[in-house]
Amino acid sequence: MQKPALTANAAGHLLLGGVDTVELAQTYGTPLVVYDVAAIRQQIQAFKESLQANGLRYQVSYASKAFATVAMYQLVTQTGIHTDVVSGGELYTALQAGLPAERISFHGNNKSRAELEQAVDAQVGVIILDNFYEIELLHTVLLEKNATCWVMLRLTPGITPHTHQYIQTGQVDSKFGFDVDSGQADQAVQQVLAIPQMHLIGIHAHIGSQIFGVQGFELLANKLVDIAADWRDRFDYVPEVLNLGGGFGIRYTDVDQPLSPATFIDHIAAAFKKRVALRGLALPEVWLEPGRSIVGPAGYNLYTVGSRKDIPELTSYVAVDGGMGDNIRPALYQADYQAVCANHLNAPLVAPVHLAGKYCESGDILIDQAHLPAVAPGDLVAVLATGAYGYSMASNYNRNPRPAVVFVENGQAKCVVARESYADLTRLDQSYL
Ligand SMILES: *Cc1c(COP(=O)(O)O)cnc(C)c1O
């Protein structure tokens, strides 16, 4: 097992953003979610720079379901990029954070009337239409409000990247988007073009998540250009924006060999340039929607070690004070992670153990084979690359309060989400007596 590149101070404590993780645990308690803000900024910058270097007109839209809090939307606002939201709650949070509405794209396969009204009232940048019911519903809302809005059509292009089936979204049999092959997409574009209250700026597809190859994106770029050329010929309409979605893979363990944003983007740009030349189209504006790759590698979950169970000649379980309530991905789709001992970063490793959570489910195992030093109660364990779909999927299962979230940068720590209290847990409960 390869050691991840992490830095320790003289005491052997893991440093994140120049801050001692042992001090973080003492100050804020555990479990604790920590984000290295510089890593988030660098990744956003990498996407922007590569798109620019390829001479593309572009937008990077952070897919905020990966981690959606006021502080994160503020960071997005600072960096100048756009954001995707998929619910009224995410939209509300983004607006609370001061993110300009025109930089927000609203996604979702079943947006409610209330959510569409909220989006129209806020004048979000674009609503991504997902199905025929939604076209009708949004049309009704716009008529009632005597409003107009920008829309995109989400298409299901029939492209299947190699990834877990729960995180594939581009195949024909998907709950998302208008199917291209059966002609639903053609029908949708004609409907939308006939609605004067909707301005159709482009088309969108998102083929899946945790993708490690360029091929799916190249196929998608070709397919979207072909659809654009086809619609030009048949409907006299050319989409200005081709949105390729997100899904750029990250490194959770040694098994993962992610490509850099630059590698993805160089291939995507080359595919676009070749195909538009072939089809006689102008180069479109290209939008990308990275979620996981922006926040995933920057996040760390810190836990304190508690009980231990050794089954003679079989295996050992080391339990920590968190688990599926703050990171459900291992239980939900067998996601793998790597961990280190944050208070003895460079201690020699011993035989792997099961890193267990504290929740009442046998499936609450954070890491099946955790390569750690000999750990004792009170030691601090850091699970790496937890920044995407960890805190954002957190729950109060077993009535455990959700952890605090801390941003670290340049040796400074800032708490950006407070730890829930027991009082928070019963705040919405109403007496029955
Ligand atoms: C989830 C999602 C993304 C981001 O996917 P990641 O794998 O986190 O990069 C982008 N676009 C849409 C429409 C999504 O639903």
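Remember, it's 1-based here, ligands and their atoms both numbered in the order they're listed.
Distance alone, capped at 3.5 Å, is enough to place a donor-acceptor pair between the N54 side chain and the S50 backbone.
For the pair R154 and F176, the distance from NZ or CZ to the six-membered ring centre is under 6.0 Å and the angle to the ring normal is within 45 degrees.
Rounded to the nearest 0.5 angstrom, D84 CG and R103 CZ are separated by 13.0 Å.
Near ligand 1, heavy-atom contacts under 4.0 Å come from A63, K65, D84, H107, R154, H204, H206, S209, G246, G247, E289, P290, G291, R292, Y389.
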Identify every side-chain donor-acceptor pair in residues 66-75 under 3.5 Å, counting partners at least two apart or on other chains, and give the distances.
| from | atom 1 | to | atom 2 | distance (Å) |
| --- | --- | --- | --- | --- |
| T69 | OG1 | M72 | N | 3.3 |
| Y73 | OH | S64 | OG | 2.7 |

Distance-only donor-acceptor pairs under 3.5 Å for side chains of residues 186-198, two or more places apart:
| from | atom 1 | to | atom 2 | distance (Å) |
| --- | --- | --- | --- | --- |
| D186 | OD1 | W231 | NE1 | 2.9 |
| D186 | OD2 | R234 | NH1 | 3.1 |
| D186 | OD2 | R234 | NH2 | 3.3 |
| Q197 | OE1 | H139 | NE2 | 3.4 |

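Listed by first and then second residue, the side-chain hydrogen bond (donor to acceptor under 3.5 Å, both in side chains) pairs involving residues 402-412 are R41-E409, R402-E420 (not counting sequence neighbours).
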